[in-house]
4 protein chains.
Amino acid sequence: MKLSEKKVLKKKEQILLSAITIINQKGYSGATMEDIAAELLMTKGSLYYYFKNKSDLMYQCHNFILSQATEDLRDILHAEGTVEEILRHMIATHIDYAVEEKETFNMIMEPKRFFNTEQLHLVLKLRKEYESLFDQIISRGVETGSFLAKEPKIARMMILGAMNWVQQWYKPGGRLSKEELVELYSDYILKILK
Amino acid sequence: MKLSEKKVLKKKEQILLSAITIINQKGYSGATMEDIAAELLMTKGSLYYYFKNKSDLMYQCHNFILSQATEDLRDILHAEGTVEEILRHMIATHIDYAVEEKETFNMIMEPKRFFNTEQLHLVLKLRKEYESLFDQIISRGVETGSFLAKEPKIARMMILGAMNWVQQWYKPGGRLSKEELVELYSDYILKILK
Amino acid sequence: MKLSEKKVLKKKEQILLSAITIINQKGYSGATMEDIAAELLMTKGSLYYYFKNKSDLMYQCHNFILSQATEDLRDILHAEGTVEEILRHMIATHIDYAVEEKETFNMIMEPKRFFNTEQLHLVLKLRKEYESLFDQIISRGVETGSFLAKEPKIARMMILGAMNWVQQWYKPGGRLSKEELVELYSDYILKILK
Amino acid sequence: MKLSEKKVLKKKEQILLSAITIINQKGYSGATMEDIAAELLMTKGSLYYYFKNKSDLMYQCHNFILSQATEDLRDILHAEGTVEEILRHMIATHIDYAVEEKETFNMIMEPKRFFNTEQLHLVLKLRKEYESLFDQIISRGVETGSFLAKEPKIARMMILGAMNWVQQWYKPGGRLSKEELVELYSDYILKILK
DNA sequence: GATGAATGAGGTTTCATTCAT
DNA sequence: AATGAATGAAACCTCATTCAT
């Protein structure tokens with residue numbers, strides 16, 4: 001890779017990070033190219049040097065966060081520990097993304113409203129991959145006898161939904177610390193899997 | 001109430017129903033006044049005879065569905081049956097709304113992005129009321145010894161989240177019928193409360 | 001005249017009076033048919049039974065006030081008194097209209113912006129008639145040796161302008177009472193005519 | 001100041017000048033953003049690159065002319081000459097603005113109908129400043145014994161009103177040249193101040 | 001690489017006007 | 001006589017996108 005290409009990549013990442021900040025504040029449709037450029041002390045026009053259009057930028061933001069979360073989860077999944085320990089760790093990580101990256105991570109957002117066919121395809125693939133990590137830990141738990149799940153996919157969806165919902169009501173600095181929240185959620189989730 | 005007022009109310013409801021259809025297809029920001037008018041074979045301008053502005057219309061759509069769901073749940077809550085039967089019935093109803101009314105019912109949608117302060121206040125109140133119906137059945141279950149919940153509010157939130165998430169993935173006509181889905185969900189949710 | 005016609009005339013006058021109130025508050029373009037109807041506890045549509053269109057209504061409002069003022073001034077002009085007394089009386093009356101009827105009386109308003117050709121013709125004629133009353137008293141004063149005016153029309157225009165301007169700055173309840181104001185204005189105007 | 005800023009300023013001025021032309025023809029509410037854009041062979045949207053909204057543009061037009069007139073008058077006020085000479089010069093200038101810039105200069109227009117609170121504040125301040133220049137020359141005249149004025153503010157208002165009214169009736173190319181008009185007005189105004 | 005400037009499509013809103021009842 | 005309801009034109013404004021420099 002040439003030096004110039006590296007520079008471009010770095011700039012792209014900078015833009016993504018700023019865009020993510022804005023999206024988390026204003027949502028996908030609320031965020032304007034102007035907002036994002038302003039955050040970077042750039043002008044709208046420049047963004048088009050790095051990204052084909054708004055949809056492309058939004059897509060890459062979602063991808064960026066989701067890929068990162070996927071990587072994090074994968075590391076956790078392959079680390080040492082009992083099935084239960086690993087699941088608790090995964091729950092903590094997921095909730096952290098949901099709370100911190102709110103909109104951008106938002107797996108709740110209907111992707112077909114924002115992305116074109118090609119992007120959609122990749123987003124769905126990535127999401128599936130992400131979700132499968134939970135499937136893997138569940139099935140590992142079932143195999144080792146730690147978990148019990150009649151319809152493991154359904155259980156996984158319930159778990160994901162329960163966790164994503166956190167971003168709707170959890171306010172940092174409230175009655176519960178994030179750690180307490182995570183523990184409560186983990187306990188309940190484990191009940192689902194017993 | 002005068003006849004003319006009744007007629008206006010009826011027309012308003014017609015508009016709401018059409019608007020709800022459109023919103024469920026395109027989301028709140030995706031739905032245009034033009035779209036909604038077209039669905040009714042009216043012109044944009046006419047909508048403003050019945051609603052002050054777009055925000056007002058959107059707000060009333062959400063309210064309409066949410067109020068209806070609240071009423072339905074309240075009836076269920078006050079009907080005969082064991083705690084478990086009632087909860088199962090409530091779950092079935094909620095999931096039905098989540099699947100059928102998708103966007104309009106969407107309790108995931110952040111209301112402050114679409115509604116003004118005054119509307120926001122009322123929406124949040126209505127949502128709280130809705131959620132409290134689940135709190136009531138849970139606490140009844142706890143009192144009668146049917147349920148066990150260390151942190152009932154957290155449990156309720158998990159349950160709501162799990163159910164709302166259904167609208168992200170459930171496609172009617174898929175592997176599972178809605179009835180099977182509801183049964184599986186109910187079983188899992190009861191596990192949370194044991 | 002039939003009774004029904006009389007009733008129509010009476011209603012028309014009622015509408016005019018309400019319209020005048022609104023116009024004085026919001027100006028010609030600011031006043032909407034809806035505003036005017038609301039003031040009368042009527043509906044927009046009904047106004048069209050009495051007036052062809054908005055322009056027609058506006059026109060008749062202006063006419064109404066201007067005709068009334070013209071009549072008032074004519075009476076004053078033909079009453080007993082010295083030239084100076086009569087002029088002072090006319091000034092008092094004009095200023096009163098300018099202050100009380102603000103927008104509707106507004107002779108400053110460019111009529112061609114609001115009225116069609118035919119209306120325009122009549123408005124201009126009426127205005128000319130109104131202005132001529134001041135010309136008459138001035139020329140009477142010149143004839144009797146009370147006034148001196150090299151270019152009486154120019155003097156008259158200055159006087160009208162000075163008086164109309166009052167409505168831009170005079171606030172009832174300020175430092176000056178309307179009576180004091182009128183006296184000061186009269187004194188200055190007489191200086192113009194000496 | 002950077003070159004680019006200068007260019008923006010120049011363009012803004014161009015737009016202001018075109019807008020002023022249109023406003024003088026159609027008035028503030030009659031002038032549309034489309035009209036103004038067309039005059040410049042631009043599109044509506046472009047105007048919003050330079051001005052926040054219509055109200056902002058209108059406000060800056062009024063300000064532009066009023067500031068220019070204020071500067072002109074201030075120069076005259078501080079130039080050599082007898083009090084009477086200076087006043088005559090000021091009158092000539094004011095009448096010129098009133099006739100040439102009609103609507104935009106229009107001090108008769110009620111600013112609160114077109115401008116928001118903040119703009120209103122500045123407009124009123126600017127107008128006060130403008131009017132004070134006439135107060136200054138009057139008071140100078142009174143001090144030097146050239147003028148006599150019992151209530152100088154009232155006199156100034158009459159004078160302003162008389163002059164502003166010119167724009168209602170004066171048509172270039174009529175019986176009187178602008179020079180003759182100005183001379184007649186000056187003579188009459190001096191009578192007020194004797 | 002970046003920018004300033006412009007564009008144009010598309011959205012919301014207002015309002016005079018019409019017309020069947 | 002009056003009204004309720006609908007219409008449609010025209011206004012304002014936003015914003016993703018383009019492109020010469």
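So you know, we letter chains A, B, ... as the sequences are listed, proteins then strands, and number each from 1.
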Give the rounded distance in Å between these two atoms: [atom1] of [X] and [atom2] of [N].
X: C/Leu47; N: F/dG4; atom1: CG; atom2: P; value: 13 Å
X: B/Lys44; N: F/dT7; atom1: NZ; atom2: P; value: 13 Å
X: D/Tyr50; N: F/dC13; atom1: OH; atom2: P; value: 18 Å
X: D/Glu34; N: F/dA9; atom1: CD; atom2: P; value: 15 Å
X: B/Met33; N: F/dG8; atom1: CE; atom2: P; value: 17 Å
X: A/Tyr48; N: E/dT3; atom1: OH; atom2: P; value: 15 Å
X: D/Lys7; N: F/dA20; atom1: NZ; atom2: C1'; value: 11 Å
X: A/Phe114; N: F/dA16; atom1: CZ; atom2: P; value: 13 Å

Think [X] has a side-chain N or O under 4.0 angstrom from the OP1 or OP2 of [N]?
X: A/Ser46; N: E/dT3; result: yes
X: C/Tyr49; N: F/dA1; result: yes
X: D/Lys11; N: E/dA6; result: yes

Pick the nucleotide of DNA chain F nearest each of B/Met42 and D/Gly45; which residue has the one closer to the 5' end?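 That would be B/Met42.
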For F/dT21, what is the paired nucleotide under Watson-Crick or G-U wobble rules, both distances under 3.5 Å?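 Its partner is E/dA2 (Watson-Crick or G-U wobble, both distances under 3.5 Å).
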Look at atom [atom1] of [X] and say whether more than 12 heavy atoms of other residues, nucleotides or ligands are closer to it than 6.0 Å.
X: B/Gln25; atom1: CD; result: yes
X: D/Lys102; atom1: NZ; result: yes
X: C/Gln68; atom1: CD; result: yes
X: B/Glu34; atom1: CD; result: no

When the nearest nucleotide of DNA chain E is assigned to B/Ser55 and to A/Thr43 on a heavy-atom basis, which residue is associated with the more 5' position?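 Result: A/Thr43.
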Assuming nearest nucleotide by heavy-atom distance, tell me which of A/Val8 and B/Asp35 is located more 5' along DNA chain E.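 Closer to the 5' end of DNA chain E: A/Val8.
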Could you point out which residue of A/Leu16, A/Leu57, A/Thr21, A/Ile20 forms a side-chain contact (heavy atoms from CB on, under 4.5 Å) with A/Ile36?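 Result: among A/Leu16, A/Leu57, A/Thr21, A/Ile20, A/Leu57 is the only option passing the side-chain contact (heavy atoms from CB on, under 4.5 Å) with A/Ile36.
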Counting heavy atoms from C-beta on, name the nucleotide in F/dT3, E/dT13, F/dT17 closest to the side chain of A/Asn53.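 Taking heavy atoms from C-beta onward, the closest nucleotide is F/dT17.
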What nucleotide, of E/dA5, F/dC13, E/dG11, holds the atom closest to the side chain of D/Lys54? F/dC13
